[in-house]
Each structure stands twice: as structure tokens, then as C-alpha cells.
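Encoded as C-alpha cells, the structure appears first; notes follow it.
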Amino acid sequence: FFQEEDWQYPLHYLKSIDAEQLHIGTLIVNGDSLNQVGVKFKGQSSYDLSFKKNPLTIELDYVNDQEYQKVDEFKLSNGNLDPSWVREILGYEIARKYMIAPRANYATVFVNGTFYGVFGNTEAVDGKFAKQHFKMGKKGVRSKGNAPAGRFSGGPSSLEYLGEKTALYQQKYELKTNDASGWQALIDLTKVIKNQQTNEVEAMLNVNSAIWMLAFNNALLNLDSYSDFQQNYYLIRDANGLFHFVPWDLNLAFDGLGKKAGVLMQPNYPPLKQEHNSKFPLIQLIAQNAEYRKMYFAHYRTIIEENFYNDWYKERAVFYQNLLDEWVEKDKNWTFTHQQFQQNLNETVLWTDKNDFPYPGIIELMVARKKYWSTHAELLKEGPTIADVETTYTNGFQVKTKVSDDAERAIIWYKTNDQRPFLKAEMNRVGHEFSITIPEDSKRIAYYIFVENKAAGTFYPRRATRELVEFERE
């Protein structure tokens, strides 16, 4: 609720001058009232003065120290770039299986008692998020891969090393923490990525989180991301000095980004399309390192087998559309029609207001993409099998696992303290087993394993690090 009847005017004005100031209102969520919240319009391509419904940021603690279900900021997307209303919420649901990513759901929004429309509600990647998931302390850094002036004006957040001048990076990234030393940390990271020295990379970057993000972006054709348009991600450095990736802004997943004239969809988009492009140093880092490349395709297989080959995504997409159908039909402020909403799950919708911009049908796109994956040489490679993983403790933790005959190498990532980063070690082969003793006098251990043969690799558990083997000694 706002005091003004024409409540949009002050929000448009604050957006036009790029003000940090927010407009004051009262928020009621599921019957709970929160006073003096801060509200502003947000977004770049999803915001427009002509839109009847624009995306919103609502800061619950703008004036008062208050939160709702441990959340103090809502990011409400208007769905104006997705006729299916499925891309963003389904994308985040898949992402959270494999990496740390924001929670997201739907909201029906009323302003001053009048139905304003259906919105996607995404958890903010703010300081509270960083502290909760990455134990980020006072020395932590939170930066965003988005140019402050927009992608077309500021350029891509490519993670290229541009030299030591901070100003060159300030055009292409946003530093969300107050410590200016965060800029130097970002510069150092880009230099390490460029040099591709494994020990230096792994001392600064959670490589596994980078690989999951890149595999996710590509499999879902989430191209308004680092993987193509080079934006929409967060980099969070924890108290141990390690950077972690967090995906952001998935409303153009499932091939919703702009394409060449005449192209309706891109089901044959290669898994490592930019591997020979020096403007994509993070992708080159993963593609040109034999171990990382096998890790990438292992994660890629997990994503497509657990979500697409079994049609799980289709069941969820239908569920979401059934959930929204009644409210979408009532939403007269939305860019698209109810008919287009129902159509876009299966068929391409052309946005006539934007020169027939194509939004592929989610199902038609992924059916074609599955056909492409089924013949891709690297996706057809098979890693070793892993069985009977055992953990014991005698003057240290003993971990052993049986493997298939083709296995050549096994690596374990482990930690015995949640405040510490994962440590990496080679396991030793004896016959059909790999084993290792970790001389730690701790109560518990958490770990995951990666086993390679000549062609490919296998993780155990498959969803590492979202799933881990955990063992606590008596």
C-alpha cells in the first residue's frame, strides 16, 4: 500500500535518476503486515516506462529492522520476457539441485487493493545470503557480473584480465560490498583465470561451482549469462579467500535470449561453444584442462539425465502452468496473453511488439535438444563405475571405493571443518580399489570423489558438492 494514488510516478522518477533512495510503502504478505518497507522498480531489459507492469525490489528492512521468514528483500520479476512464465522458476529449481542458488516462487501482487499482476519472487543474493551459504565474514567480497550502465553501454562481465586499473573493471562489474579492496580481489581472480595455473586457480576459485554453473547455463540454453552474453552472475569470496559463483536472472533460460534473424531456436548449441574464444577465459580454463573438462561433461550428463531425459522438467513445467493459469488469465497488465501463456509450453510464441521476437516452446526446444545430445561424442563417453564406498577411522579417516577396470585416477575433495575449504588429494590404487588415509583428528569428515578413465569421469555423489558423503566417528 502507498499513500499516493498514482504510486508509479515516484517509482519511475527514482528509476530515471538511478537513485539509491526507495519509496516508502506498507507490505502485507499472507496476512502479515510490514510497515515502512522500501520499494523501487528494477531491471534493464525487463523494465520500460511503457510497460503496465514493471519488476520490483522490496526491501523489508529499509527503515525498520524486520524480515519475513528470514528474508529481508524480495526481487519481483514481471515475466515480460517469458510467455511461458516457467523459465525463471523452473531454472532456479534445477540450479538448486547442483549449486547454491536463490530460492524462487510466484506471487500475486495487489497494490492499493487492485490486482497488479503475477510476479516471480526471487531471493536476493545479498549480504545475508552470502553469510548463510558461504560463511562470508568481514573480509568477504560480493561482486556482480553486470555492467552498472547495462551490457550494451558498459560491456561484458567476461572475467578477462584487463590490467591493474580498477576503473576498467568498474565499468563492467558491480561491487556489492563496501570494502574497496574487493576490486583488487576481482582483478587478481581474472589474472589467475588467464594464467591457468591449476594450484593458483584452486586456491582462489571454487572450480566445482564454476563448472556446475557453466554446464547448467549451456544445458538449459540460459544464454543471458556468462556463457554467452557474459552477465548475470554473482561472485562471492568467503572468509578463506575462495570465490564461488551464484547464477542470477534466469528469465531468459530455455533459449529466450536474442538470436540471429530467422532463427527460432538453437537446439544444437554446442556444450562448449566458446572454448576457442579468448573473450571467454573461464570457459577456456575449463575446456583446456583435461581434468576440468571431464568434470564438466560429468556434471553435464547429470543435469540432462536427471531433468530432461526422464522428462522431469516437463512435469514441473505443467505443474507451474496449472498453478498459475487462473491468475495469468486475470493479469491484464502482462505483456503476453493467456493464450500465448498456454501455447508457449509446447510451441514457439512470436512477440509481435518486438518484431516477432521468438520464444521457443519449452518442450519443443528440449525434445530437439535431447536429440542433439544423443549423438554428441563427448556426452556419449562413459566414466568409470564407482561402488561400495566405505569410510572408517583408525588414527585418521580411511576412505576406499571399488572401481571398474578402466579407472586410472581418483581424486577426493574433503573437509573436516565446515569453516574450512575442501582439500584435494590423490587416492591410491590397489587392485580394483582406490583408497586413502586422511590423518585428521576430527570428529567428522565430508567428502566427494571423482574417478577418471581415459575418456571421461564419474563423481560420487553425482551432485557433489550439494550432496556429500558424511561420516562421524564414535
Side-chain angles (χ1 to χ4, degrees), residues 98-99 196-203 205-212 215 240 242 285-303 305-306 377-474:
Y98 310 109
M99 61 195 116
Q196 295 194 12
Q197 297 298 311
T198 302
N199 290 341
E200 294 180 359
V201 169
E202 294 180 357
L205 177 65
N206 180 343
V207 175
N208 196 45
S209 81
I211 292 174
W212 273 123
N240 296 301
L242 202 64
L285 169 69
I286 303 307
Q288 294 174 5
N289 180 297
E291 177 186 314
Y292 296 164
R293 190 181 186 100
K294 290 177 183 177
M295 291 170 64
Y296 176 85
F297 279 101
H299 284 339
Y300 203 110
R301 291 184 203 98
T302 296
I303 292 171
E305 288 171 10
E306 291 189 349
E378 289 204 75
L379 290 172
L380 292 175
K381 295 177 180 178
E382 295 185 5
T385 57
I386 303 173
D388 300 331
V389 178
E390 295 182 8
T391 314
T392 56
Y393 186 89
T394 305
N395 298 322
F397 294 98
Q398 289 82 40
V399 177
K400 66 178 181 179
T401 179
K402 294 180 180 179
V403 295
S404 53
D405 291 340
D406 60 331
E408 295 183 344
R409 181 173 181 243
I411 305 164
I412 186 171
W413 283 265
Y414 69 92
K415 60 180 177 179
T416 55
N417 185 323
D418 286 340
Q419 303 301 318
R420 289 166 50 182
F422 282 95
L423 299 177
K424 180 180 179 181
E426 291 264 358
M427 300 179 73
N428 305 304
R429 179 156 194 170
V430 179
H432 293 286
E433 289 185 347
F434 276 99
S435 64
I436 190 172
T437 296
I438 299 168
E440 293 268 1
D441 187 26
S442 301
K443 188 72 174 174
R444 59 181 296 274
I445 189 172
Y447 65 87
Y448 62 97
I449 296 170
F450 183 65
V451 182
E452 301 177 53
N453 59 23
K454 283 186 171 63
T458 305
F459 278 94
Y460 186 89
R462 292 191 76 184
R463 296 184 184 183
T465 57
R466 293 299 272 169
E467 295 179 359
L468 298 166
V469 180
E470 298 188 58
F471 175 81
E472 185 169 341
R473 66 187 177 98
E474 295 180 357

Check your understanding: With side chains defined as the heavy atoms from C-beta onward, is the minimum distance between I412 and I438 less than 4.5 Å?
Key -> yes
Exercise for review: Taking the side chain as every heavy atom from C-beta outward, state whether I211 and V207 have any pair of such atoms under 4.5 Å apart.
Suggested key: yes
Review point. Where the side chain of R420 meets the backbone of F422, is there a donor-acceptor pair that is under 3.5 Å apart?
Key: no
Check your understanding: Is the closest side-chain heavy-atom distance between V201 and Q196 below 4.5 Å?
Key -> no
Practice item. Keeping the roles fixed (side chain from S404, backbone from P384), state whether a donor-acceptor pair exists under 3.5 Å. Key: no
**Study point:** Nearest-0.5 Å distance, OG1 of residue T401 to CD1 of residue I449
**Key:** 5.5 Å
Check your understanding: Can you name the closest pair of heavy atoms from A446 and R444 and give their distance?
Key -> CB-NH2, 4.1 Å
Check your understanding: Who pairs with A287 by side chain to side chain contact (heavy atoms under 4.5 Å, CB included), at least two apart in sequence or on another chain?
Key -> L272, E275, R293
Study note, to complete from the structure: The side chain to side chain contact (heavy atoms under 4.5 Å, CB included) partners of E433 (sequence neighbours excluded) come to K400, K402
Check your understanding: Going by heavy atoms in the side chains, are I386 and F459 under 4.5 Å from each other?
Key -> no
Practice item. Could you tell me whether the side chain of D406 reaches within less than 4.5 Å of the side chain of E382, counting heavy atoms only? Key: no
Review point. Which pairs count as salt bridge (charged side-chain N to carboxylate O under 4.0 Å, His left out) when at least one residue sits in residues 445-456, sequence neighbours excluded?
Key: K294-E452, E408-K454, R409-E452
Check your understanding: Does R462 use its side chain to pair, donor to acceptor, with the backbone of I303 at less than 3.5 Å?
Key -> no
Check your understanding: Given side chains that start at C-beta, do those of P461 and V469 come closer than 4.5 Å, heavy atoms only?
Key -> yes
**Study point:** From E470 atom CD to Y447 atom OH, the distance as rounded to the nearest 0.5 Å
**Key:** 10.5 Å
Review point. Under a 4.5 Å cut-off applied to non-hydrogen side-chain atoms, are E306 and Y98 in contact?
Key: yes
Point to revise | Between Y300 and E378: side-chain donor-acceptor atoms closer than 3.5 Å | key: no
Practice item. Fit a plane to each ring of Y448 and W413, take the angle between them on a 0 to 90° scale, and name the class: parallel (under 30°), tilted (30 to 60°) or perpendicular (over 60°). Key: parallel
Check your understanding: Counting N and O atoms only, with roles assigned by atom type, does the side chain of N240 sit under 3.5 Å from a partner on the main chain of L242, one being a donor and the other an acceptor?
Key -> no
Check your understanding: Taking atom OH of Y460 as the centre, does the number of heavy atoms from other residues, nucleotides or ligands within less than 6.0 Å exceed 12?
Key -> no
